[in-house]
There are 2 protein chains.
Amino acid sequence: MYENSKTPKFLMTTKSIRIKDIAKLAGVSEGTVDRVLHNRGNVSIIALNKVNSVLNEIHYKPNLLARSLGRARNFKVSVLIPEPKTDAYWEEVNSGIIQASAEWENYGVTIDPFYYVHDGELSLELIANRSLNAKPDGMVIAPIFYPQALHVFSRLQELGLPYVLFNTNIPESKPLSFIGQDLFQSGMLAGQLMSIGNITREDILILHIGESIKDSVYLMEKEKGFREFYEKNVHHPVSITSINLDVNESLFKQNLEDMVKDKKITGIFVSTSKPVSTVAQIIQENSRQGIRLIGYDMLPENKNYLKNGWISFLINQNPKRQVIQGISHMVNHLLFNKHVPCTELFPLEVITQHNVDSYITSGIH
Amino acid sequence: MYENSKTPKFLMTTKSIRIKDIAKLAGVSEGTVDRVLHNRGNVSIIALNKVNSVLNEIHYKPNLLARSLGRARNFKVSVLIPEPKTDAYWEEVNSGIIQASAEWENYGVTIDPFYYVHDGELSLELIANRSLNAKPDGMVIAPIFYPQALHVFSRLQELGLPYVLFNTNIPESKPLSFIGQDLFQSGMLAGQLMSIGNITREDILILHIGESIKDSVYLMEKEKGFREFYEKNVHHPVSITSINLDVNESLFKQNLEDMVKDKKITGIFVSTSKPVSTVAQIIQENSRQGIRLIGYDMLPENKNYLKNGWISFLINQNPKRQVIQGISHMVNHLLFNKHVPCTELFPLEVITQHNVDSYITSGIH
DNA sequence: TTGAAAGCGCTAACAT
DNA sequence: ATGTTAGCGCTTTCAA
């Protein structure tokens with residue numbers, strides 16, 4: 001038999017020790033201890049040593065509640081995302097902002113959303129400047145347009161304003177933190193899902209569909225991962241064709257329909273979230289149930305087609321939780337001086353007909 | 001074109017209003033306002049009305065930091081789980097307890113784990129009593145043994161101690177909150193994963209493996225879901241056999257091996273988490289790569305077999321996060337008087353060879 | 001460079 | 001039934 005596990009030693013908490021206690025032990029005032037704890041300077045080397053030697057003895061855990069209450073300051077953070085009206089994906093994100101806003105209101109933190117579009121007077125850069133007027137203490141940004149974003153970051157760095165990025169990473173901008181997914185791996189996963197159970201020839205279409213797809217280098221990561229999966233793991237004959245489509249082109253729908261009608265096609269992988277349902281609709285209209293369709297995110301439309309079986313798998317990018325997490329990191333930094341991870345890659349969640357409801361009701365997603 | 005979205009009105013926060021403000025507006029003292037806010041009684045109907053009418057005018061959001069700081073009280077919560085040494089699953093849970101413990105230490109909350117085994121002097125009931133000696137303010141319990149658990153709950157109800165359950169639900173015990181998964185749906189999902197891409201005859205084994213499997217009615221839920229999926233959705237011939245195995249039986253391994261060697265078998269669904277790797281090992285030893293194996297949870301062993309391809313899918317029950325969430329609910333209740341959901345069903349996460357790493361590195365899981 | 005003291009918003013004990 | 005007040009642990013200002 002085994003011995004019974006005891007409560008681990010380090011969990012045994014005695015009465016927690018306060019700044020006042022440290023001050024007494026070190027023979028200095030509370031003010032001095034505070035100065036040492038936060039490296040505020042103006043401390044004699046001798047006092048510093050006295051305090052530090054006490055600090056080394058004991059395991060001081062500051063009371064975070066008291067800390068932020070004592071600071072007696074209301075923080076503001078601005079959140080910058082693309083205009084939600086254009087896309088159900090950003091609508092999701094926006095609802096996350098609202099949720100986070102309610103949550104942090106209790107801690108005296110105000111969250112202000114700002115929305116940008118590609119250019120004109122609502123460009124990221126202009127909106128960023130506008131948001132700066134509110135004198136925020138930090139920013140949370142989804143920087144989907146690369147060149148504009150760079151200007152904004154250098155501006156923020158000048159001002160010394162901390163910012164966290166989500167959705168799209170721009171590593172050279174050195175944000176406080178980035179929240180997103182590993183896109184290459186996401187493509188690999190899509191490949192695996194596409195191939196499950198298939199043992200004969202496959203004809204696959206990869207569709208990159210969007211407004212100005214040409215700039216979206218990051219979608220290529222997904223495609224690379226997808227192709228890599230097939231190269232490494234699949235041994236029967238496979239043909240993979242990738243196509244960029246602009247939703248604003250006149251023949252967009254017609255082109256799509258022609259592709260779907262092609263009897264050879266066995267699977268379609270759509271690299272973005274909103275257009276999946278369009279493809280699903282066309283598949284349904286043409287009764288092409290043989291096609292395995294894989295796409296992104298549980299947008300309302302997508303959920304319906306998934307439940308009906310016209311979409312086989314969705315990979316969830318968790319837009320809502322990404323922004324909530326981003327805001328949470330920013331606030332933890334501001335309010336509690338907590339360390340936040342510089343990159344947080346979300347899990348690649350596989351959504352099918354039979355677990356989609358469990359995601360919807362769970363609330364934590 | 002569309003109009004640009006503005007920051008929603010209700011997010012516009014002006015300087016937040018305090019109890020002191022309400023008191024002034026209502027023409028009463030802070031104490032009275034506090035009494036009204038918390039229904040502490042001892043308030044004249046006239047004062048009550050004055051305060052309430054002010055409360056109706058304004059949107060009072062209490063400062064939670066100040067509230068719990070002002071209460072100046074350190075909460076203790078006990079967590080009761082099966083002995084972790086017996087099972088990697090509970091080891092996971094235990095690491096969740098340690099994580100939660102570190103997190104809440106900052107808020108002056110102490111988390112004390114206690115471990116029980118099926119019976120003897122370490123039974124749930126006895127351990128529960130022992131944990132009561134520490135005078136906890138709440139309990140978080142994984143009640144895997146039904147009859148013993150009932151006694152504990154009635155004891156806790158007598159004492160008026162709040163408790164939240166996770167992992168296994170006992171609805172009639174009326175806990176503050178339950179965290180777990182929909183087991184029937186979990187079985188359905190397993191069925192779907194088992195059937196993907198299959199178009200010819202399937203011979204499937206459902207294996208319920210454990211220490212005292214006979215009592216575990218809840219595993220039947222998974223089986224029911226699994227069978228239901230096949231009945232409703234699959235039209236080619238299928239044979240499903242379910243078997244209960246006790247790991248302590250002498251011929252346990254031998255029996256298992258005989259089953260795996262059966263050339264007809266196309267798939268195996270193991271309804272618990274630890275034994276999956278044992279089955280995977282036997283499949284590997286007998287080179288039965290044709291068998292699709294589905295089981296539960298990302299235990300270290302399971303992860304390896306998943307990566308090597310001997311396990312096809314794992315459904316993640318998220319043991320670690322379940323307990324963290326349970327503790328979080330308990331603390332939110334105690335510390336902030338926050339409303340906690342009476343049931344929280346976790347999403348049914350599908351883990352494959354190509355997203356397992358994304359789950360491991362993500363940290364939030 | 002230091003210590004003393006006044007908050008932060010809320011709770012709870014104590015007079016009245 | 002009501003008002004007053006002394007904390008909670010930390011930050012920050014101000015005087016020494």
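In what follows, chains carry the letters A, B, and so on, assigned in the order in which the sequence lines appear, proteins first and then strands, with residues in each chain numbered from 1.
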Check whether any side-chain heavy atom of [X] lies under 4.5 Å from a side-chain heavy atom of [Y], and answer yes or no.
| X | Y | answer |
| --- | --- | --- |
| A/S68 | A/Y107 | no |
| B/I141 | B/F153 | yes |
| A/V51 | A/V28 | yes |
| B/P84 | B/V93 | no |

Tell me whether the side-chain N/O atoms of [X] come closer than 4.0 Å to OP1 or OP2 in [N].
| X | N | result |
| --- | --- | --- |
| B/Y60 | C/dC10 | yes |
| A/R71 | D/dT11 | no |
| A/R18 | D/dG9 | yes |

Tell me whether B/D112 is salt-bridged to B/K76, with the criterion being a basic N under 4.0 Å from an acidic carboxylate O.
no
May I ask you to say whether B/K24 pairs ionically with B/D21, meaning some side-chain N is under 4.0 Å from a carboxylate O?
no
Rounded distance (Å) that lies between atom [atom2] of [N] and atom [atom1] of [X]:
| X | N | atom1 | atom2 | value |
| --- | --- | --- | --- | --- |
| A/L69 | D/dT12 | CG | C1' | 13 Å |
| B/Y107 | D/dG9 | OH | C1' | 14 Å |
| A/F75 | D/dT11 | CZ | C1' | 12 Å |
| A/F336 | D/dC10 | CZ | P | 14 Å |
| B/I19 | C/dC8 | CD1 | P | 14 Å |
| A/D21 | D/dC8 | CG | C1' | 13 Å |
| B/K20 | D/dT5 | NZ | C1' | 12 Å |
| A/N63 | D/dG7 | CG | C1' | 14 Å |

Is it the case that the side chain of A/D34 and the backbone of A/E30 share a donor-acceptor pair, with hydrogens and angles ignored and the cut-off at 3.5 Å?
no
Strictly by salt bridge (Lys or Arg N to Asp or Glu O under 4.0 Å), give each pair with a member in residues 161-180 of chain A just once, sequence neighbours left out.
none
Nearest of D/dC10, C/dG3, C/dC10 to any side-chain atom of A/V28?
C/dG3
Please list, by residue number, the residues of residues 31-55 of chain A whose heavy atoms come closer than 4.0 Å to an atom of DNA chain C; answer none if no residue qualifies.
A/T32, A/R35, A/N42, A/V43, A/S44, A/A47
Taking the cut-offs as 6.0 angstrom to the six-membered ring centre and 45 degrees off its axis, would you call A/R130 and A/F114 a cation-pi pair?
no
Can you pull out how bent the helix from C/dT1-D/dA16 to C/dT16-D/dA1 is, comparing the axes over its first five and last five pairs, to 10°?
50°
